[in-house]
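One structure is given here, and the rest of the page talks about it.
Just follow the structure's listing: the first ligand is 1, and inside any ligand the first atom is 1.
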Amino acid sequence: MNLVVVSNRVARGMANEPMTGGLAAALLPVVEKSGAIWVGSSGRVRDGAQKEPFAEIEALGAGALAMLDLPAAHYGGYYEGFANSALWPALHSRSDLIRASQEDYLSYREVNAFMARALLRFQKQDTTFWVQDYHFLALGAELRELGVTQPIGFFLHTPWPARAVIGGVPHHRRLVEAMLAYDLIGFQTQDDCENFLGYLMADLGLKVESGVVTSRHGQTRVAVFPIGIDPEKFAQQSIKAVSHPDVSRLRRSLNGEKLAIGVDRLDYSKGLVNRICAFDQMWTAQPALARTVSLLQIATPSRGGIEAYGNLQSDLAKLISDVNGRHGEVDWTPIRYLNKGFSQTVLAGLYRTAQVGVVTPLHDGMNLVAKEYVAAQNPADPGVLVLSKFAGAANELDTALLVNPHDIDGMARAIATALSMPLLERRMRWEAMMKKLRSSTIQQWFADFVDALQEAQLDKGASAPLIAESPTLWPRRSANGGMRYH
Ligand code: G6P
């Protein structure tokens, strides 16, 4: 099989480069090993009607990385517009932040169509396409329009929200119908899968049986594939990283004080304001904790051209300086706040240094930082993970201290509990989490999805040919949960 993986953001195979976002960091090691071709955006744009899309191609492990220049006229409407100002807020249940124009939607569709044309040059008879994330909901349908009959799978790295929220995205019906051109659609959690199937049945009137939906495109399998990490590799990296200058400088600067760490993209879904308020509350309610623990918050800026992100960046900076001003001392800064990215290796060392990992998103597809924090701990003296119950990772990491990120007092108490947790309890919780991480690795996730995609296409071959009527005419059936591959 010849695998072509597609995502908007790609990563180059350099372990010491900072990476933005869980998707690129997670895919890099597995794509590298698989020999796949990974196709994505170069981050640059190109003017005019390109006859042949321009791609910069370089080797990536056993395969290759192809970075495309996207059409200048549509890039803004596609990336900052429809993908990140309409779909992203909706997928994270922030209907209040949805901003979408007709032009943005058209640009999104144009870029999906452009990517489909660009992919044809990588197509062989035995090619399997695997499309990643919300930037390319319609890419499968565009490939089918171009006559592609090979298997095409799709995995969503974000949550899929309730029906009413998706209903707030202009053209939601057309987009979801287009998604049914995929042979396999994967979600992070059972809730996401059920929300999606609920939409198909209630809004599109489609029939779903044992996680298989029948539409005018034929059959699509819908299933859950929780993304993992490589816990052993991360653990090794964290041990090595202790001697890295950034990590050893941090250790020296602590003077016996405990450290809590948060590492996030600067995004409103990450619950950063509430997290800072929780630390503020903790130091106010328990002044004895001042000087004994500080927070290192790394918040890597992304999508800075979008108003909601700019607003968050200034609100957060103001809040942190206010908290530092109120609780700080001449020789103690409560919150160290950094707006830059770090390599995976350095992050592994920073996680190992921190006694508490705070991962408190308001809503998150999976959140691999939570898994990485756990994997980076010293087994003899592990730190404690304080984890939002609304992160996909909470389904597996249920022995973390689970918190409601809207409950500031509750979070403040959980952080204080984490700081004073006895070693025995820390070890029991950590061992249970490591067991889960070892049984559901990124390698397993990758192999499970690709296997299920092959199977989905085989089933399709055995089923009826494409049906042309409007899907809304088909009878409704009771819900059947999607299948779970683990
Ligand atoms: C999330 C998304 C990814 C995206 C990443 C970084 O993890 O699911 O698709 O690549 O954020 O976002 P950015 O817009 O900076 O690529």
List ligand 1 atoms under 4.0 Å from [X], heavy atoms only on the residue side.
{"X": "Trp88", "result": "1 (C), 2 (C), 8 (O)"}
{"X": "Ser302", "result": "15 (O)"}
{"X": "His135", "result": "9 (O)"}

- Do Trp38 and Phe122 have their ring centres less than 6.0 Å from each other?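 Not under 6.0 Å, so no.
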- Does the gap between the ring centers of Tyr134 and Trp160 come in under 6.0 Å?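 Centroid distance Tyr134-Trp160: not below 6.0 Å, so no.
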Protein residue, atom and distance nearest to [atom], heavy-atom basis:
{"atom": "atom 9 (O) of ligand 1", "value": "Asp133 OD2, 2.5 Å"}
{"atom": "atom 10 (O) of ligand 1", "value": "Arg9 CB, 3.7 Å"}
{"atom": "atom 12 (O) of ligand 1", "value": "Arg303 NH2, 2.9 Å"}
{"atom": "atom 7 (O) of ligand 1", "value": "Gly22 N, 3.8 Å"}
{"atom": "atom 14 (O) of ligand 1", "value": "Tyr79 OH, 2.5 Å"}

- Under 4.0 Å between a Lys/Arg side-chain N and an Asp/Glu carboxylate O for Arg144 and Asp183?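 A salt bridge links Arg144 with Asp183.
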- Salt bridge Arg275-Asp264, side-chain N to carboxylate O under 4.0 Å: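 Yes, charged N to carboxylate O under 4.0 Å.
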- Between His217 and Glu177: side-chain donor-acceptor atoms closer than 3.5 Å: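 No pair is found: no donor N or O on one side chain lies under 3.5 Å from an acceptor on the other.
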- Using a 4.0 Å heavy-atom cut-off, say whether Tyr309 meets ligand 1 through its side chain, its backbone, both or neither.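 Neither part.
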- Message: Just to check, does Gln132 reach to within less than 4.0 Å of ligand 1 when the distance is taken from its heavy atoms?
- Response: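 Outside the 4.0 Å threshold, so no.
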- Do Arg163's NZ or CZ and the ring of Tyr199 fall within the cation-pi criteria of under 6.0 Å and 45°?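 No, Arg163 and Tyr199 do not form such a contact.
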- Query: Is the Lys NZ or Arg CZ of Arg303 less than 6.0 Å from the centre of Trp88's six-membered ring, within 45° of the axis?
  - Reply: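 Output yes; distance and angle both within limits.
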